[in-house]
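In what follows, a structure is listed as structure tokens, so that the remarks can point back to it.
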Amino acid sequence: MGLVARTLERVKPSATIAMTSKARELKAAGFDVIGLGAGEPDFDTPDNVKQAAIEAIQRGETKYTAVDGIPELKRAVAEKFRRENGLSYKPSEITVGTGGKQVLYNALLATLDPGDEVIVPSPYWVSYPDIVLLAGAEPVIVDTKLEDGFKLRPEALARAITAKTKWFIFNSPSNPTGAAYTEAEIKALTDVLVKHDKVWVLSDDIYEHLVYDGFKFTTPAAIEPRLKGRTLTLNGVSKAYSMTGWRIGYGGGPEPLIKAIATLQSQSTSNPCSISQWAAVEALEGPQDFLKDWVASFQERRDLVVAMLNQAKGLTCPKPEGAFYVYPSCAGVIGKTSRGGKIIGNDENFAAALLEEEGVAVVHGAAFGLSPFFRISYATGIKALEEACRRIQRFCAISAEAGDAHARYEIQHGKPDQGQDHGDPQRGGDSHRLRCDSRRHHARSERHHSRT
Ligand code: PLP
């Protein structure tokens, strides 16, 4: 009997954490590395929020609290949902956890049984399929296309739904693509979902405030009130308030779900940090005007990165509506040989050679379930971004031609594995389960790690 549980064999460690650590190691060893892997804003937490935490400590708010959040925070969250999303939740319909990730984890663990299916559009935030696998259920991956702005089409959603579908996970603006759905695009999806009354919707709105060019954010439960009774609207303070280390996330949903989440939380972590909860009250209730400057700064960086990457030979970079990521295609570089003599057979080779030869750390697309792409986080200073993009341009200006190198690569290594099993005939070929053959999955996991 091995030490590690079989369930854990289905799960991968974090790819960006792996990439960030590798970049950090190289930096510590004296290499000139620019890290574009991390999924957090580079701004400091606002001073009023820090002050609220200091005052909470001084008031002695340092004891256990109610498992799923202090009443003051639940009220602040309910008010936020009302003010910003037009959604009305009672405090008993609000849950607070240690990051949005815990709320997501608890919601899935509390509701999934073996055999249940969860629809996850790809490219996805890697925690989605892995948490589904941890819960013993099956992620059903539905690929989106660059030509569609990486947005799921309603026909593809309809085809992916079966009698076993328990959840549909929706994330806008998206990690890793930055794509954000307009009201009409969400309505097209909710029109499909209203017809399937057994399917629950998990809307991950964590990047809500990071949208550009005046884009209007909205969320499924607000667009289609008939879905509100089977939707968990997930959010948190990590991204909008630059509070990733404070670990506060929250969700609004029907009471039975919120209660089930609390039961699970009561037998694992208990309450999220008491001090962070008071800081989150201030984040939600305090001044919001700093956000304008942050958004303007992110927009400027996005525009720079998109323009420079589109000048790189072999790359195509769509301009996303939100978050702080871009997800360029590197299809035009696949099959070529880098200046350093590395054959770029897939996006993982691309990211590895880019780090090794130009000192730029990005995360390969296979980690997010869609190749050949890579993800850049532009939550870093504009000078570093400019330099990184110059290096990427230089890296891509490789001349050795594809055919031969590609053929050679495939002869030596077999066809590049995109980390997916395509073509589930029942679903018309555009969705597929992430197979749970643990050996195969495990072997793959050594190459494709997840991210945060
Ligand atoms: N959802 C998405 C899409 C994310 O990218 C992240 C963090 O990277 C989270 C949720 C969770 O964030 P946290 O646990 O810090 O609230």
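Counting starts at 1 for both ligands and their atoms, in listed order. Only a predicted model underlies this, so the values are computations on that prediction, with no experimental measurement involved. Values reported hereafter were calculated over all heavy atoms of this structure, with side chains retained and with hydrogens, waters and symmetry mates removed.
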| Is G99 in contact with ligand 1, taking contact as a heavy-atom separation below 4.0 Å? | yes
| message | Tell me whether ligand 1 is touched by W246 - counting only heavy atoms on the residue side and a distance under 4.0 Å. | response | no
| said: Between ligand 1 and G236, can you find any atom pair, the residue atom being a heavy atom, that is separated by under 4.0 Å? | reply: no
| field | Donor-acceptor pair between Q102 and T269 side chains, under 3.5 angstrom | value | yes
| Atoms of ligand 1 less than 4.0 Å from Y128 heavy atoms? | 3 (C)
| N-O pairing of R301 and D42 below 4.0 Å | yes
| Would you call the rings of F350 and F395 parallel, tilted or perpendicular if under 30° counts as parallel and over 60° as perpendicular? | perpendicular
| message | Below the 3.5 angstrom mark, is there an N/O of G100, backbone or side chain, next to an N/O of ligand 1? | response | yes
| message | Other residues, nucleotides and ligands only: do more than 12 of their heavy atoms fall within 6.0 Å of OH on Y105? | response | no
| said: At less than 4.0 angstrom from any non-hydrogen atom of R247, what atoms of ligand 1 do you find? | reply: 13 (P), 14 (O), 15 (O)
| request: State yes or no: are the ring centers of Y124 and F368 separated by less than 6.0 Å? | output: no
| said: I need the atoms of ligand 1 closer than 4.0 Å to a non-hydrogen atom of S238, numbered in the order shown. | reply: 13 (P), 15 (O), 16 (O)
| said: Yes or no: does N171 have any heavy atom under 4.0 Å from an atom of ligand 1? | reply: yes
| said: Between ligand 1 and K101, is the shortest N or O to N or O distance under 3.5 Å? | reply: yes
| request: Please tell me if the side chains of K228 and Y89 come closer than 4.5 Å, counting only heavy atoms from C-beta onward. | output: yes
| message | So for E40, does at least one of its heavy atoms come nearer than 4.0 angstrom to any atom of ligand 1? | response | no
| note | Counting heavy atoms under 4.0 Å, the part of Q102 that contacts ligand 1 is neither
| T244, V237, D204: member with heavy atom nearest to atom 10 (C) of ligand 1 | D204
| task | May I ask you to decide if the ring planes of F43 and W294 are parallel, tilted or perpendicular, using 30° and 60° as cut-offs? | result | parallel
| task | Determine the interplanar angle of the Y128 and W125 rings, folded into 0 to 90°, and report it as parallel if under 30°, tilted if 30 to 60°, perpendicular if over 60°. | result | perpendicular
